Amino acid sequence: MTTYTAYRAQLLYFTGAPNLTLQSHETDPNVHFHADGLIVVEDDKICFAGEYQQGTEYLDERTTLVDWRDKLITAGFIDSHVHYPQTDMIASPAPDLLPWLENYTFPTEAALNDYDHAKDVSEFFIQELLRQGTTTAMVYCTSHKNSVEAFFETSHAQNLRMIAGKVLMDQNCPEAIRDTAQGGIADSENLLQKWHGTGRQLYALTPRFAPTSSREQLDGCAQLAKQYSDIYIQTHVAESKAEIAWVHSLFPEHNSYLDIYDHYGLLRPKAVYGHCIWFDERDRARMRDTQSVAAHCPTSNFFLGSGLFSAKEAEAADMLYSLATDVGAGTSFSLLATMNEAYKVARLQQHYLPALQMFYLCTYGSAKALQLEHQIGTLLPGHEADFVVLDPRATPLLARRAEHYNSLEEMLFGLAMLGDDRAVYATVAGGKVVHQRSPHQTR
Ligand code: GUN
Ligand code: ZN
């Protein structure tokens, strides 16, 4: 039987990049804000979003009406780079990327060979994403098939839109997480055939980063990428200076780190590159020309001391970029907290990221970069009903600050600077309320 649920709330969604030169969002055709809005969900799809007064025809006896008038609904957040197996080692101290990988990451990932453990971590991880208003993520599993099966089974059972893949790594790492050049490729092919397009699950070919894949394995990636032109690709590039020096010693025939991936045919639409900090103009131009996407991971970059991603240079080069947590090097699952740090990274470089743009980057902007804007990232009818319900007065401080907002931009900016999981009142995914805060929780 078809079920209809209607939510009366403030609504914000995008149908394109906000025009930041305009004085007000009200004249921007890409920004849609309804102070008294209504969103109607038919099973797992949105069938109406707009002014409350225009949608009252939907409010008949078949429809359950939820009154969230003091809340703000926007499309579910998209985290474009995160490692689920690293949930249990978030906040592990290390002076740089490479010792962090060696001392904490690799030993933690070794345990995900065990299916039951991987299932347990997957379930916690997905619940944590939903608690933070994140309804889609681009997820690294480990090199073990079990870790991928456990993740997709958990996500599929909850009808979530997730992208994930088996990490490929056949050198320069402990045996417990090492695959083989051909074995890793064969496992990836089996997994993508099983999961890519099963329900809302999507597969990402996932070589960890150039140092941990042999040339033979990268050749295998090139072939798989060619054969399956529809799948996603994800890896890391130009993150820390020590990492880059190591990459140059391993691949002296390439004059740029990005060029290694280019050589193996891994730059293309739906290929997402974590970090992209130490790029030059040529690298950015290659990213733009191939429609590859950078994942800007500010909490991770601060935490490991990796460097500052330049949103300014990315924009100047017309390179696609999105925001991401990169947990476990990232220190928060919250994309609101991530916006806060992205804003400060930009300020350190004399750049400015308006809150409207950061909300765009975490919703429609990311969906478009991942070529999923016809499914998720906005609230247009026909889209999958994945959205986050934010409480602009979630904490005593937010409530006090809210008395003085003069514009939508100020409210969004307050949420980005002061908000985190406490500001996520509820999360709806696949048309179902999958998280709701207790009314008594104010801190
Ligand atoms: N480079 C290779 N692997 C990783 C990882 O797990 N996290 C981060 N931040 N960088 C990496
Ligand atoms: Zn990462």
Side-chain angles (χ1 to χ4, degrees), residues 79-112 121 125 129 137-144 147 151 163-174 176-179 184 204-213 217-218 221 232-247 250-251 257-258 260-261 266 271-278 293-309 321-333 338 341:
D79 184 346
S80 59
H81 180 126
V82 61
H83 301 253
Y84 100 79
Q86 296 173 14
T87 303
D88 290 347
M89 50 141 302
I90 186 172
S92 291
D96 195 71
L97 169 66
L98 300 178
W100 176 83
L101 286 173
E102 201 173 310
N103 295 331
Y104 294 103
T105 317
F106 290 167
T108 303
E109 292 194 5
L112 278 279
V121 181
F125 170 87
L129 291 187
M138 194 143 168
V139 180
Y140 286 65
C141 302
T142 66
S143 50
H144 315 103
S147 76
F151 180 80
I163 309 167
K166 181 202 115 66
V167 163
L168 288 140
M169 49 197 306
D170 68 337
Q171 64 175 24
N172 293 321
C173 60
I177 53 168
R178 200 184 313 145
D179 58 13
L205 182 66
T206 310
R208 178 171 214 120
F209 66 157
T212 47
S213 284
Q217 187 166 70
L218 290 170
C221 287
Y232 289 80
I233 296 171
Q234 59 182 349
T235 187
H236 298 84
V237 70
E239 179 176 0
S240 98
K241 285 199 164 165
E243 169 215 20
I244 293 167
W246 189 31
V247 168
L250 292 168
F251 294 89
Y257 189 166
L258 188 69
I260 302 169
Y261 300 123
L266 302 177
V272 177
Y273 283 82
H275 306 284
C276 306
I277 297 169
W278 305 100
V293 184
H296 173 15
C297 311
T299 74
S300 166
N301 297 341
F302 275 138
F303 178 70
L304 291 175
S306 304
L308 306 179
F309 173 84
Y321 76 100
S322 55
L323 293 187
T325 66
D326 192 29
V327 164
T331 50
S332 173
F333 277 93
T338 303
E341 302 295 306

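Whatever order the structure lists ligands and atoms in, that order sets their numbers, starting from 1. What you are looking at is a predicted structure, and each value in this text was computed from that prediction instead of being measured. Values reported hereafter were calculated over all heavy atoms of this structure, with side chains retained and with hydrogens, waters and symmetry mates removed.
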Inset, instruction - Classify the angle between the aromatic ring planes of His275 and His81 as parallel (below 30°), tilted (30 to 60°) or perpendicular (above 60°). - result: perpendicular
Inset, instruction - Take the Zn ion (ligand 2) as the centre and count protein N, O or S atoms at distances under 2.8 Å. - result: 4
Legend entry - Separation between SG of Cys221 and CG of Leu266, rounded to the nearest 0.5 Å: 6.0 Å
Legend entry - Interatomic distance, Leu101 atom CG to Thr212 atom OG1 [nearest 0.5 angstrom]: 8.5 Å
Legend entry - Protein contact of atom 3 (N) of ligand 1 - nearest heavy atom, named by residue and atom, plus distance: Arg208 NE, 2.8 Å
Inset, instruction - Answer with yes or no whether the side chains of Asp179 and Ser143 bring together a donor and an acceptor at under 3.5 Å. - result: no
Inset, instruction - Among all protein heavy atoms, pick the one closest to atom 7 (N) of ligand 1 and tell me residue, atom and distance. - result: Trp100 CZ3, 3.5 Å
Inset, instruction - Heavy-atom contacts with Ala329 under 4.0 Å: which atoms of ligand 1 show up? List them by number with element. - result: 9 (N)
Inset, instruction - Please answer whether the main-chain N or O of Thr206 pairs with a side-chain N or O of Tyr232 as donor and acceptor at a distance below 3.5 Å. - result: no
Legend entry - Residue part near ligand 1, for Glu243, under 4.0 Å between non-hydrogen atoms: neither
Legend entry - Interatomic distance, His296 atom NE2 to Asp326 atom CG [nearest 0.5 angstrom]: 12.0 Å
Inset, instruction - Quick one: pull up CG in Leu129 and CG in Asp79 and give me the separation to the nearest 0.5 Å. - result: 7.0 Å
Inset, instruction - Please indicate whether any nitrogen or oxygen in Glu239 is less than 3.5 Å from any nitrogen or oxygen in ligand 1. - result: yes
Inset, instruction - Would you check if Glu239 and Tyr257 make a side-chain contact, meaning some heavy-atom pair closer than 4.5 Å? - result: no
Inset, instruction - Provide the number and element of each atom of ligand 1 under 4.0 Å from a heavy atom of Leu97. - result: 8 (C), 10 (N), 11 (C)
Legend entry - Value rounded to 0.5 Å, distance of CG in Leu97 from CD in Glu102: 11.0 Å
Inset, instruction - Measure up the Tyr140 and His236 rings against each other and bin them: parallel (under 30°), tilted (30 to 60°), perpendicular (over 60°). - result: tilted
Inset, instruction - Mind checking whether Asp326 contacts ligand 1 via backbone (N, CA, C, O), side chain (CB onward), both or neither, at a 4.0 Å heavy-atom cut-off? - result: side chain
Legend entry - Residue and atom name of the nearest protein heavy atom (relative to atom 1 (N) of ligand 1), distance in Å to one decimal: His236 CG, 3.5 Å
Legend entry - Check: Thr105 N/O within less than 3.5 Å of ligand 1 N/O: no
